[in-house]
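Okay, structure first, notes after.
Both ligands and their constituent atoms are indexed starting at 1 by order of listing.
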Amino acid sequence: MPYHIFFRRIRRRIRQKSLNHKEYLLQRESARTLVMERLIYFVGEYAKLDPILAQFMKYNHVSIRNQRRRWGSCSSKKNLNFNYRILTLSPELRDYIIVHELCHLKELHHGKTFWDLVERIIPDGQALNMKVRHIKFQ
Ligand SMILES: [Zn+2]
């Protein structure tokens, strides 16, 4: 099945709240594959800009969870956490969330240095942040 049709079906089922546990686990794995792929890609993009900067972007564990209120988080122990519903977002918003958490590995706050870092790769990062905040969780 083509990827975009697969994701469209999943998005619909998540909306309809009709995922059973086995399906949820499959979705979680799809989300994990996607998140890992993009994390590696964006660390590479930061490394192209500044190899020293990319040294700060080393994470320990990446968890994919079923969460009610958050798209992602980063802990002081450098563990990243993403909501499996990231699959339901547009590629642009998914990438923004992934870069957001990646940048917290270096700047664990939402100050100017954090946004400067995000916007080196996602120039409209703050606009996308506003967009993502208005998406309701299903
Ligand atoms: Zn944040």
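Qualifying salt bridge (Lys or Arg N to Asp or Glu O under 4.0 Å) partners for Lys77, counting only residues two or more places apart in sequence or in other chains: none. A search for ring pair (Phe, Tyr, Trp, His ring centres under 6.0 Å) contacts involving Phe114 returns His100, His104, His110, not counting sequence neighbours.
Within the 4.5 Å cutoff, side-chain heavy atoms of Leu53 are placed close to those of Lys106. For the pair Met36 and Val62, the minimum side-chain heavy-atom distance is below 4.5 Å.
The set of protein atoms (N, O or S) found at less than 2.8 Å from the Zn ion (ligand 1) reads His100 NE2, His104 NE2, His110 NE2, by chain and number.
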Item to complete: Could you please spell out the steps behind the side chain to side chain contact (heavy atoms under 4.5 Å, CB included) verdict for Leu93 and Trp71?
Response: CA-CA 10 Å; Leu93 289 177; Trp71 289 107; over 6 Å; no
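Among residue pairs with one or both ends in residues 118-132, those qualifying as side-chain hydrogen bond (donor to acceptor under 3.5 Å, both in side chains) are Tyr96-Asn129; sequence neighbours excluded.
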